[in-house]
Amino acid sequence: MDTRRALLDALEDGPVSGPALAAELGVSRAAVWKAVEALREEGFAVESTPNGYVAPAVPAYCAAGIEFGLDTPYRVEYHESLPSTNDRARELATGGAADVAVVADEQTGGRGRLSREWVAPSGGVWLSLVTRPTVPAARAPLFTLAAAVATVDACREAGVDAHIKWPNDVLVGSEAEGEHASGSDRSGRGGRKLAGILTEMEGEADRVSWLVVGVGVNANLDPETLPAGATSLRAEIGADTDRRRFAATLLERFAALAETADRSDRILSAWRDRASTLGRRVRVETPTESVVGTAVDVESPGALVIDTGGGARRVHAGDCEHLRDAEE
Ligand code: BT5
């Protein structure tokens, strides 16, 4: 473990002196001091007190801030601004990296599914995780479901009653409220869109090489700066959220679920518990057709089962609208 990370872990337990840390880690006092300086440069304001180094009362939203107290194998790479955290994560993945979360305060070229634009001004939580799970490529959609569960849990901890709309939208509120979703994209239908997920991967049939799970959450943003039909944590709560804690919760929940991906039942049941799609009349636009019916279940690795009246259909990808009776 590197000195910087060891120092972050040690700071969790209260003041720690330079000499004590040097002895514990078997490094020089100069190396400890250098690690402290590195943390400070990143924006993590370690204080020097007579009892030793102390963590800042309110850790900033930066790599060390998010890693402080983070109980996962992930390290964090933080940027003030990036075109897209998914693009940076893909770059790291193709270079062989694993277990890195790329976080940016702002994205200038954020991407949604199917090359759609994702609006991502400063103040949101824009995060992409690189992992290399040892599962067949066919199981990759489970990680999107796990990310949706983790995102909902982080939103609920922040005080917003969010739910999942199949496959990967995190929404607040109900039916009528997402109606103003723009243009041909009606993916907000079913509530106001708080977050979206974009998973990308490379692999052979028998195994995933890398997986990039990109999550965008409208955190401390005004809805006026977002597309129609969108909402934010700030708008829902009326106050700003500690993005450091939010990102850490999301990563911890995701890590715990991802560990269970060799069996799909835990992720699926967590997803069902948080989804608003099941039991609803839906219209799913797949790449080839439109399927209308009642959503009855989600099956591994992420297919929506729709009762069309003429039998059950399974759809694996598409945009889902929650319908009201009059709309069929
Ligand atoms: C998604 O696509 O919902 C996936 C969004 C993933 C964004 C994250 S941010 C971190 C990482 N880096 C990236 O570059 N991307 C990921 P989709 O279901 O296709 O929805 C896209 C549609 O949502 C757009 O066509 C808009 O109508 C709408 N939209 C765009 N920006 C939005 C926002 N900030 N909040 C709510 N809706 C938005």
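Counting starts at 1 for both ligands and their atoms, in listed order. Being a predicted model, the structure only gives us computed values, none of them experimental.
Contact analysis leaves Ala120 out of contact with ligand 1, as no non-hydrogen atom separation drops below 4.0 angstrom. For Ile197, the closest heavy-atom approach to ligand 1 falls below 4.0 Å.
The parts of Arg113 lying near ligand 1 are both backbone and side chain, judged by heavy-atom distances below 4.0 Å. At a heavy-atom distance under 4.0 Å, no atom of Leu114 approaches ligand 1. When heavy-atom distances to ligand 1 are checked against a 4.0 Å cut-off, Glu117 comes that close only through its backbone atoms N, CA, C and O. By the criterion of a heavy-atom distance under 4.0 Å, the backbone of Val215, and not its side chain, is placed next to ligand 1.
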Please lay out, stage by stage, how Arg113 and Asp319 fare under the test side chain to side chain contact (heavy atoms under 4.5 Å, CB included). CA-CA 10 Å; Arg113 293 177 301 151; Asp319 282 319; 2.5 Å; yes

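Atoms of ligand 1 lying under 4.0 Å from any heavy atom of Asn218, numbered from 1 in the order shown and given with element: 33 (C), 34 (N), 35 (N), 36 (C).
By the criterion of side-chain heavy atoms lying less than 4.5 angstrom apart, applied directly or through intervening Ile, Leu, Val, Met, Phe, Trp or Tyr residues, Val125 is not grouped with Leu221; the two fall into different hydrophobic clusters. Residue Ile66 is grouped with residue Leu129 when hydrophobic side chains (ILVMFWY) are merged at heavy-atom distances under 4.5 angstrom, including chains of intermediate members.
Of the N or O atoms in Trp126, none lie within a sub-3.5 Å distance of an N or O in ligand 1. Between Asn168 and ligand 1, no pair of N/O atoms sits closer than 3.5 Å.
Note on ring orientation: taking the six-membered ring where Trp is involved, the planes of Tyr74 and Phe254 are tilted (angle from 30° to 60°).
When the options Gly214, Cys320, Pro227 are ranked by their closest heavy atom to atom 29 (N) of ligand 1, first place goes to Pro227. When the heavy atoms of Glu200, Arg111, Arg90, Lys193 are ranked by distance to atom 1 (C) of ligand 1, first place goes to Lys193.
For Ala31, the side-chain contact (heavy atoms from CB on, under 4.5 Å) partners two or more places apart in sequence, or in a different chain, are Val27, Ser28. Considering only residues two or more places apart in sequence or on other chains, Arg29 meets the salt bridge (charged side-chain N to carboxylate O under 4.0 Å, His left out) condition with none of them.
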